[in-house]
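Chain letters run A, B, ... following the sequence lines, proteins first and then strands; every chain starts at 1.
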Protein chains: 2
Amino acid sequence: MGKNANSRRAVPYRATQPKRSSAQASVALDALNGHLGYFIRRAQIWVFQDFIRTLKPVDLSPAEYSVLVVTGANRGLSQAELAATLAIERARLVRLLHRLEERGLLQRLPSSADGRRHALQLTPPGRTTLARAKALAARHEQGLRTRLGAERHKLLLAALRDF
Amino acid sequence: MGKNANSRRAVPYRATQPKRSSAQASVALDALNGHLGYFIRRAQIWVFQDFIRTLKPVDLSPAEYSVLVVTGANRGLSQAELAATLAIERARLVRLLHRLEERGLLQRLPSSADGRRHALQLTPPGRTTLARAKALAARHEQGLRTRLGAERHKLLLAALRDF
DNA sequence: TATTGTTATACTCTATAACTATA
DNA sequence: TATAGTTATAGAGTATAACAATA
């Protein structure tokens, strides 16, 4: 059953101060300057740390937030569909969902059509938490927009869309 | 001394096929559509998987590659400087360097000025491997450029630079 | 006191294999 | 036989704390 095995995070999701992310002027990056992957990684570190810090009041990781958002917008989704949508391993999703279920934010209902599937849906408290989380996430995004400039923010969203 | 403790990777760096990364049309992403972090993560997954696959002949992870590049371009760097430059934890860098040292690609020399520091430098085989790796990485980057279009590639590099 | 390299611990995340129950 | 959910395992990566040697 694995009912309450490893379900709850022992420690709340941590967020360190986004450290000064650009390299010191004195160290040459050489070939890294031409690699998109290098700058994407740095951007990811910065953005995720800021996101985690901003969402601390609701104690949701980026992955948990994305699960709540997509589940809230697609009633009765199966775990496999959710995993494929968010590029999260099905195996990992199991424990992630356990935690959200334990917190009373989400339910796994038996699928009427297919006995193997779970139909995922948010509970009323889940909806409330999601609404709070969305407001905080919007604040995070607004901070990003301010930092980057609205133009660049829009441009990045569009340019990264089809990866 | 921890000479050969946990130093070598048991399994070569894996790279799965970049799976179809955009979500199925039928599942609504809702609020995620407005979040840069979501698309940055997806881009990172894609780019890193492609990088790992392309560099398989030299068996170097993105982190190892970046360490070789920066060490090769900055003689006598300390571990702390390297860690800060690449946003890798000092503690993690220790084992990463052990592996590269064991493979004979890199040396930790005593710093003449400061007894606490190591002066990092590539060995001749390290330089050879780095040259091969750079050629492969350039091929990876060219693939990205083709996929995105030269304009968008350039634009992304510029836009992500100051994170 | 502070910093460098190091070890240790705990947790997240990725990748895989295998099992069960359903289909 | 295939798929959905699950468990388990191994490794990478992140975050912290603490320690010895050196500054």
Side-chain angles (χ1 to χ4, degrees), chain A residues 1-3 5-19 41 44-46 48-49 52-53 60-64 66-67 76-84 86-99 101 108-120, chain B residues 1-3 5-19 41 44-46 48-49 52-53 60-64 66-67 76-84 86-99 101 108-120:
Chain A
M1 284 256 193
K3 206 48 214 295
N6 305 339
S7 305
R8 193 70 187 87
R9 243 196 315 266
V11 181
Y13 217 77
R14 277 169 300 189
T16 56
Q17 248 354 49
K19 11 195 126 146
R41 171 174 174 265
Q44 229 234 45
I45 292 173
W46 198 95
F48 270 50
Q49 284 181 345
I52 293 163
R53 191 153 29 85
L60 291 174
S61 71
E64 289 168 339
S66 69
V67 162
L77 217 53
S78 75
Q79 295 183 195
E81 286 166 332
L82 183 56
L86 296 176
I88 297 176
E89 286 295 319
R90 272 194 302 286
R92 193 194 146 211
L93 194 54
V94 174
R95 283 171 64 179
L96 200 160
L97 291 174
H98 267 128
R99 286 201 293 247
E101 207 174 14
R108 289 191 256 210
L109 306 175
S111 166
S112 39
D114 188 331
R116 295 169 301 183
R117 305 166 116 231
H118 290 162
L120 303 173
Chain B
M1 284 263 186
K3 205 48 213 295
N6 305 339
S7 306
R8 192 72 186 86
R9 242 196 318 263
V11 181
Y13 217 78
R14 278 168 301 187
T16 56
Q17 256 344 57
K19 10 194 125 143
R41 170 174 175 265
Q44 229 234 45
I45 292 173
W46 199 96
F48 270 50
Q49 283 181 345
I52 293 163
R53 191 155 27 86
L60 290 174
S61 71
E64 289 167 339
S66 68
V67 162
L77 218 54
S78 74
Q79 295 183 193
E81 285 166 332
L82 184 57
L86 295 175
I88 296 175
E89 286 295 321
R90 272 195 304 285
R92 192 194 146 211
L93 194 54
V94 173
R95 285 172 61 179
L96 200 159
L97 291 175
H98 267 129
R99 287 202 291 247
E101 206 173 16
R108 287 191 257 210
L109 305 175
S111 166
S112 39
D114 189 330
R116 294 169 301 182
R117 302 167 120 231
H118 289 163
L120 304 174

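Note on Gln49(A): every side-chain N or O is 4.0 Å or more away from OP1 and OP2 of dT14(D). One finds a side-chain N or O of Arg108(B) lying less than 4.0 angstrom from the OP1 or OP2 phosphate oxygen of dT6(C). The side chain of Arg99(A) contributes an N or O atom lying less than 4.0 Å from OP1 or OP2 of dT12(C). At the phosphate of dT6(C), OP1 or OP2 sits under 4.0 Å from a side-chain N or O atom of Gln79(B).
For the pair Glu89(A) CD and dA12(D) C1', the interatomic distance rounds to 14 Å; values are reported in whole Å. The CH2-C1' distance, from Trp46(A) to dT14(D), rounds to 19 Å in whole Å. Rounded to an integer number of Å, the gap from Arg41(B) CZ to dT12(C) P is 16 Å. One atom, CD1 of Ile52(A), and another, P of dT12(C), lie 11 Å apart when rounded to the nearest Å. Between the CZ atom of Arg95(A) and the C1' atom of dG5(D) there is a distance of 15 Å, given to the nearest Å. dT6(D) atom P lies 12 Å from atom CG of Leu82(A), rounded to whole Å. Remark: P of dA4(D) and CG of Leu109(A) are 18 Å apart, rounded to the nearest angstrom. We find that CG of Leu93(B) is positioned 15 Å from P of dA12(D), with the value rounded to whole Å.
The nucleotide whose nearest atom lies closest to any side-chain atom of His118(A) is, among dG5(C), dT14(C), dT6(D), dT6(D). When distances are taken from the side chain of Arg90(B) to each of dT16(C), dT14(D), dT6(C), the shortest belongs to dT6(C). Here the side chain of Asp114(B) is nearest to one of dA23(D), dT22(C), dT12(C), namely dA23(D).
Residue Arg117(B) is classed as a sugar-phosphate contact, given heavy-atom separations below 4.0 Å to backbone atoms only. Using a 4.0 Å heavy-atom cutoff across all strands shown, Ser78(B) reaches sugar-phosphate atoms only and no base atom.
The structure places CG of Leu77(A) at 13.5 Å from NE2 of His118(A), a figure rounded to the nearest 0.5 Å. For the atom pair OG of Ser78(B) and CZ of Arg117(B), the computed distance is 4.0 Å after rounding to the nearest 0.5 Å.
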Write down the protein N/O and nucleotide N/O pairs, taken from nucleotides 17-21 of chain C, whose separation is under 3.5 Å; answer none if there are no such pairs.
none

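With sequence neighbours excluded, the residues satisfying side-chain contact (heavy atoms from CB on, under 4.5 Å) with Ala63(A) are Ser61(A), Ile88(A), Arg92(A), Leu96(A). Take Arg116(B) and apply the side-chain contact (heavy atoms from CB on, under 4.5 Å) test, not counting sequence neighbours, and it matches Asp114(B).
Proximity of Val67(A) to Leu120(A): side-chain heavy atoms (C-beta onward) are nowhere separated by under 4.5 Å. In this structure, Leu60(A) and Ile52(A) have side chains that are not in contact, with every pair of non-hydrogen atoms separated by 4.5 Å or more.
Under 3.5 Å, the side chains of Gln79(B) and Arg108(B) contain a donor-acceptor pair of N or O atoms.
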